[in-house]
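Only one structure is covered here, and it is reproduced in the block below.
FYI, side chains are in, hydrogens and waters are out, and symmetry mates aren't considered; it's all heavy atoms of this structure. For clarity, every value in this text was computed on a predicted model and none was experimentally measured. Whatever order the structure lists them in is the order used to number ligands and atoms, beginning at 1.
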Amino acid sequence: MCGIVGYIGHRDAYPIIIKGLQRLEYRGYDSAGIALYDGKDINLSKTKGKVEDLKNKSQKSISLEGKLGIGHTRWATHGVPNDVNSHPHYSNSGDLVIIHNGIIENYDSLKKELIKRGYTFSSETDTEVLVNLIEEVKRKEGVKLGKAVQIALNQVVGAYAIAVFDKQKPDEIVVAKLGSPLAIGVGENEFFIASDASPFIEFTNNAIYLEDEEMAVIRLGKEIKLRKIKDDAIAYPSIQELKLNLEEIEKGGFDHFMLKEIYEQPRAILDTYRGRLLAKEGIIKMAGIDDNLEKFLNANRIIIVACGTSWHAGLVAEYIFEDLARIPVEVEYASEFRYRNPVITDKDVLIAISQSGETADTLAAIKLAKEKGAFVFGVCNVVGSSIARETDAGAYTHAGPEIGVASTKAFTTQITVLTLLALKLAKEKGIFNNTRFHEHLTELENIPAKVEKALLTNPLVEIIADVYKNSTNCLYLGRGYNFPVALEGALKLKEISYIHAEGYPAAEMKHGPIALIDEHMPVVVIATNKGHYEKVVSNIQEIKSRKGKIIAVVTEGDEQVRDLADHVIEIPETLESLTPLLTTIPLQLLSYHIAVMRGCNVDQPRNLAKSVTVE
Ligand code: M6R
């Protein structure tokens, strides 16, 4: 959470930083700020609100000159979102200025110590404590900024990605990382700093990703040297060539990133299985699995850890692994798993699922499982992310950048990767014969075209959205493979439209939620023709008897549910295990349209951030 951007070089820093902050706004957007060095002084502007508000304020209030600058877009942790708590923060002398993504857990004791030494604080933030700690170390030890940052960070408990500069030495920026991402773009005698590569991709394809506990002094005209924060050992940066495409991070004619990403799903799913799924040859090729097949085949069980939408993909995977590959699976919220002293052995395989690859709880769960000897496999979207690096092996989803805070294509591509894995194991274990294996591979190959067809429901879904846009509550029901889809549908609605929504296994409804049903309650029911169709039809009858409004997602050609439901959305027929890839599409569209009609900020819903890098 929080996005940081910095620049030092020969270009004007202001437009680079502002544009960069706009691209990183998905990480946090309750306030924003910028500090520029104009050759003499630091000019700083910050405000509660969006980067657009910062742009308006800064253009009126400060000089925008300077070839050195840092900027920040915030997701508040310490202190409410307001102008004062926004970053950057000055040190007491006014010489140092810092931006920070993360949390300094021991900030209170450090602050008390600094107050005793005469420091004063204007904000409630942990970040202002850090910049003054650096200043105090610099003054007391008589060291340069880089060394002062290193000594100060050794006194800090928490997580950070920081960038700091000193107006007395304006040819360098010092950066450091622990737990929060930080990339350095390396150009021709210019450097960029950012939470991910999107702010600098049009200037350079060369990036260095700092590892945890590394820092660098970025100095013009010098090669970058990385150091370990703890023991000062030199670390050798590897410059990665980025393949990110500028178009992928722009809206491309859609009103919102979320809608663009919903529509990208046929391509994203195809990209995810491309080169891995060879239906004609009857092969699934995935290096991360092929190289570690024995670990999976000999595993006592698979434990899946994730958060949010990725956790829902994990729940779908539980059905897939148990049903197809007959491997016991436990799915855990990473935040619970890491703190409940779980029993893990070296016969366990842990699969961590994360779009961003930066979620703090998932990362901590991985570290715990590794300590206990489990083999850890990652399913991530962001290449080179912390989780991708921390796991023993893994498989990327190839969804492309997901910018909308509400996950859409990440979900379907995660399910695609996990399906490939389960099918491969089912074949290797001899559970699937060639015919059954071939049937599944061919049908998975057909899914992108079927998602295209499911997307054709958009105009109908928009009409349905209009009917229910003013609802205050909504229930989502599904069974078997589609129970996690019900959870995901409810999450999508609540996070972007702020309507209270609950997902339930359809049969569980009569154990409580049925009490909520009356003529004002919309109930979205997934009732595809495979699995427990007749049972779901009975559940629909129960809702109807209580006058609930039924929005049913059914397989095309369905007659029975059509007679009962208020609205019917048809999706193409497919194998039961693949239905989540289709049933989820109208639910994404429904939440999207309702949120738009309610005037909500679809891509940046209140209080949320795209990657949750704090616990
Ligand atoms: O990047 P991750 O997949 O690890 O993120 C996990 C959750 O924070 C994320 O899925 C969140 O729930 C989304 N807002 C859901 O749309």
Is there side-chain contact between [X] and [Y], with at least one heavy-atom pair below 4.5 Å?
X	Y	value
Lys260	Glu264	yes
Cys2	Thr73	no
Pro505	Arg479	no

Please write down residue, atom name and distance for the protein heavy atom closest to [atom].
atom	result
atom 8 (O) of ligand 1	Val612 CG2, 4.0 Å
atom 7 (C) of ligand 1	Cys307 O, 3.7 Å
atom 4 (O) of ligand 1	Thr359 OG1, 2.4 Å
atom 12 (O) of ligand 1	Gly308 CA, 3.3 Å

I need the atoms of ligand 1 closer than 4.0 Å to a non-hydrogen atom of [X], numbered in the order shown.
X	result
Glu495	13 (C), 14 (N), 15 (C), 16 (O)
Ser310	2 (P), 3 (O), 10 (O)
Ser356	1 (O), 2 (P), 4 (O)
Ala406	16 (O)
Lys492	15 (C), 16 (O)
Thr309	10 (O), 12 (O), 15 (C), 16 (O)

Could you point out which residue of Asp271, Thr413, Val383, Val417 forms a side chain to side chain contact (heavy atoms under 4.5 Å, CB included) with Tyr396?
Val383
Based purely on interatomic distance, does [X] place a nitrogen or oxygen under 3.5 Å from a nitrogen or oxygen of ligand 1?
X	result
Lys610	no
Ser354	yes
Gln414	no
Val405	yes

Would His567 and Tyr468 count as having a side-chain donor-acceptor pair, cut-off 3.5 Å?
yes
Just one of Thr528, Asp323, Thr583, Thr579 clears the side-chain hydrogen bond (donor to acceptor under 3.5 Å, both in side chains) bar with Tyr481, so which one?
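Among Thr528, Asp323, Thr583, Thr579, the one that satisfies the side-chain hydrogen bond (donor to acceptor under 3.5 Å, both in side chains) with Tyr481 is Asp323.
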side-chain hydrogen bond (donor to acceptor under 3.5 Å, both in side chains) with Thr397: which of Thr412, Asn381, Thr416, Thr272?
Asn381
List the steps, then state whether ring pair (Phe, Tyr, Trp, His ring centres under 6.0 Å) holds for Phe483 with Tyr319.
CA-CA 10 Å; Phe483 157 52; Tyr319 284 85; 7.2 Å; no
Using heavy atoms and a threshold below 4.0 Å, how should the contact between Glu358 and ligand 1 be classified: side chain, backbone, both, or neither?
neither
Taking the six-membered ring for Trp, is the centroid-to-centroid distance between Phe411 and His312 below 6.0 Å?
no
Determine yes or no for a side-chain-to-main-chain donor-acceptor pair under 3.5 angstrom, with Lys492 supplying the side chain and Ser497 the backbone.
no
